[in-house]
Amino acid sequence: MGYTQSCLEELRSRIDLAQFLESYLDFKRTGSQLKALCPFHQENSPSFMVKRGDRHYHCFGCGAHGDAISFLVQHQGMRFPDAVELLAERYGVDLENEQNPQERDARKRAFFVMERASLFYQEQLQTSSQAKKYLLGRAMPPERWGSYALGYAPKSGFALKKALNSQKISDDEMLTLGLLRGAEGARPRDFFTHRLVFPVLDAMGRTVAFSARAIDDDYFGGKYINSPETLLFKKSRTLYGLPYSRQAIAKQRRLLLVEGQFDTISLIESGLNFTVCALGTAFGADHAFEIKRLGVQKVYIVFDSDVAGQKASIKAGLALHRLGVDVLVTSLPQGMDPDQFIAEQGAKAVIDQLNHSLPFLEFWVKKEAALVNLGSPAAKIALSRDIAQSLESIDDTLLRHESLLHLTQLLQLPAEAAASLTSSKGVRKEKKEAAGDASQIQRKKSDHSTRENTAAFRSATYDGLEADFLRWLFQPSNDQTAFWQIALQYGGEEFLEHKGLKWLYLWLKDKREPDTVLPGVSDLMVALPSEKSRQFLSNLLAKRMDHERARELFTKTLSDLIRRRWRWKLQEIREKLSSAQMDEESALQVAHEYAQQIQSEPESLQCSVLFP
């Protein structure tokens, strides 16, 4: 949802930025200034500063600059609307936005209904001796019940319905929010019955759904069931425990991923307060993207030690590895889950297990290799091709190549084998992935338009090189103006195949003033024309860049993009040569073109040349 500039200005004016940031950073006072170690780059002497009364912070080391909204988006990994709403609620500002008034009122009412349901379940827990006995048997003391708003859904199929009806909440409202279930024409019943209930919270700590666990082994249904998806809840993007661990995750840039709510709560309460879990067993690409958006650089996967847990570890690990996250897999003793392990052996033992984790690819190869005879060349080749086929789906060209090279090392294959493990589509696949849908991209510069095409933002998957190129141009830094000058010099839009990335580049190129620093992230968000483009930019900028090596990494990114364009051109000429429909004269012309392209292989750019 878009917000008016005036309401955002009012919000900024209400925030004491120094006081707000003190809950995240350790400041030292120097006169009217507060100094801290910058959370956006590694440093030994504090260069991150904010003055009392100022609305913006600034780092004199890396150039990071922004307001409270920018900080929540870039440091805490929050979506722009969530950051604005959180601050507005905290500082008592009424927001004006583009959202339909009826839709806004419906969401407000939905949050109220979900909160009423959560309070009902919490009250019922206090009256259920069986539920309390179960929690105590799982080493869950009463003081934690309130901290995590744990509840109990009674056996009666109509207890919640009756309680909320008495508060003038209709059956239709409860059906819409997944609190009731029932076939058309039948009397609606409570969705959860005779189960422990875990509220699922959004970024602002509001209840959006419930996850419920059976407390009788012979009770019908799965061990865990979750609310259906609603206007408030999208299961594929939800991580349980995130509101309790977000700050530690943002600070440490690491995350501990487990399978269940009991695991999550036990580990958080034991000091491992960077723990989350997905709802249910299906950790997917959207979950991985949410973790990446939080700015996480390292993930420890600690799933159950059974066969199903190992398979789930590989699936989750691959989803995260594809996004360039450093993934480590932690193995527990057979038959144990994290909740049991920490109850029996304590947090120190868990930390020891984390320190002995295996890198994801090593874990994956080890588990798969145990099922085949690696003494057989055919079996080894089949295994290597199976894993390589999954690695080929990695969007980032360099990450894909490095992963395949590491695979050959783990299986003790010659390094040259990495190229033969990839499909014959090779560069064409790489180009298609970078484009999202390359066949629809207009290549002539005169055809480019800064008019927004919402279809450009439908794909959240984009090539890592292109994304990093845009990040250096959009994120505030000391070198941002120089980066733009170089990008314009080299025709930056010609490197961008993804439609969303190309649109953002051209939009900002059209808006920016020459030789000036760009506005902060929140101002850019306001200027963008739609929620889709704002969300796309918010996700793009979630990745933290290494500002200490900014010039070096920008140079490498640009150099790789130039070389990639040369390689694609070479592949196009090869395809012409392989065509059986050319006459002899045409074939000679194409052969000459191919020779010229070979001779024009670009040299790597040098940082000292770009930044004399």
Distance in Å, [X] [atom1] paired with [Y] [atom2], rounded so as to fall on 0.5 Å steps:
X	Y	atom1	atom2	value
L294	F289	CG	CZ	10.5 Å
I15	F71	CD1	CZ	12.5 Å
M140	L196	CE	CG	9.0 Å
D190	L160	CG	CG	5.0 Å
D339	E259	CG	CD	12.5 Å
K315	L320	NZ	CG	12.0 Å

Discussion item. Parallel, tilted or perpendicular, judged at 30° and 60°: which one describes the rings of F192 and Y121?
Written reply: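 Perpendicular: the ring planes of F192 and Y121 meet at over 60°.
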
Return yes if some donor-acceptor pair links the side-chain N/O of [X] with the main-chain N/O of [Y] below 3.5 Å, else return no.
X	Y	result
R14	G92	yes
R253	A250	yes
K234	T230	yes
E466	H498	yes
K298	D326	no
R471	L540	yes
S305	P333	yes
S266	F262	yes
S13	E10	yes
R534	L528	yes

Discussion item. Among Y244, F198, Y240, exactly one meets ring pair (Phe, Tyr, Trp, His ring centres under 6.0 Å) together with Y148. Which residue is that?
Written reply: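 It is Y244, the one option of Y244, F198, Y240 that forms the ring pair (Phe, Tyr, Trp, His ring centres under 6.0 Å) with Y148.
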
Heavy-atom pair of closest approach, residues [X] and [Y]:
X	Y	result
L125	L150	CD2-O, 3.5 Å
C277	L257	CA-CD1, 4.2 Å
A214	G222	CB-O, 4.3 Å
L136	P142	CD2-CD, 3.9 Å
L501	A467	CD1-N, 3.9 Å
K502	L496	CE-O, 2.6 Å

Do [X] and [Y] have side chains that get closer than 4.5 Å, going by heavy atoms?
X	Y	value
H287	I291	no
K161	R189	no
P243	D202	no
W364	V327	no
V302	L354	yes
P338	D304	yes
I169	F112	yes
M174	P188	no

Fill in: Trace of the side-chain contact (heavy atoms from CB on, under 4.5 Å) decision for V84 with F80
CA-CA 6 Å; V84 173; F80 179 72; 3.9 Å; yes

Fill in: Residue pair D67, R55: steps toward the side-chain contact (heavy atoms from CB on, under 4.5 Å) verdict
CA-CA 6 Å; D67 54 18; R55 299 183 186 181; 5.5 Å; no

Worksheet item: Under 3.5 Å, is there a donor-acceptor pair linking the side chains of S245 and N273?
Response: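 Side chains of S245 and N273: no pair found under 3.5 Å.
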
Fill in: Side-chain H-bond candidate by donor/acceptor type, Q122 with S118, under 3.5 Å
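Per modelled atom types, Q122 and S118 side chains form a pair under 3.5 Å.
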
Worksheet item: So, E290 and R79, do they make that salt bridge, N to O below 4.0 Å?
Response: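 The answer is yes: the pair qualifies as a salt bridge.
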
Discussion item. With a 4.0 Å cut-off on N to O distance, would you call R237 and E229 a salt bridge?
Written reply: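 Salt bridge flag = no for E229 with R237.
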
Discussion item. Tell me whether E115 at atom CD has more than 12 heavy atoms from other residues, nucleotides or ligands lying less than 6.0 Å away.
Written reply: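 Correct, the count exceeds 12.
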
Discussion item. Could you tell me if R90 sits above the aromatic ring of F20, with its cationic atom closer than 6.0 Å to the ring centre and no more than 45 degrees from the axis?
Written reply: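 No, R90 does not lie over the aromatic ring of F20.
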
Practice prompt. Assess whether salt bridge (charged side-chain N to carboxylate O under 4.0 Å, His left out) is satisfied between R206 and E85, documenting all intermediate values.
Written response: CA-CA 12 Å; R206 301 173 298 193; E85 288 186 26; 3.3 Å; yes

Worksheet entry | CA sep, side-chain torsions, deciding dist, call: F210, F191, ring-ring contact (aromatic ring centres under 6.0 Å, His included) | CA-CA 10 Å; F210 297 98; F191 190 86; over 10 Å; no

Practice prompt. Take T127 and Y152 through the test side-chain contact (heavy atoms from CB on, under 4.5 Å) and record every step on the way to the result.
Written response: CA-CA 9 Å; T127 65; Y152 170 70; 5.9 Å; no

Worksheet item: Q345 and Q353: side-chain contact (heavy atoms from CB on, under 4.5 Å), yes or no, with the steps?
Response: CA-CA 11 Å; Q345 301 193 36; Q353 293 293 116; over 6 Å; no

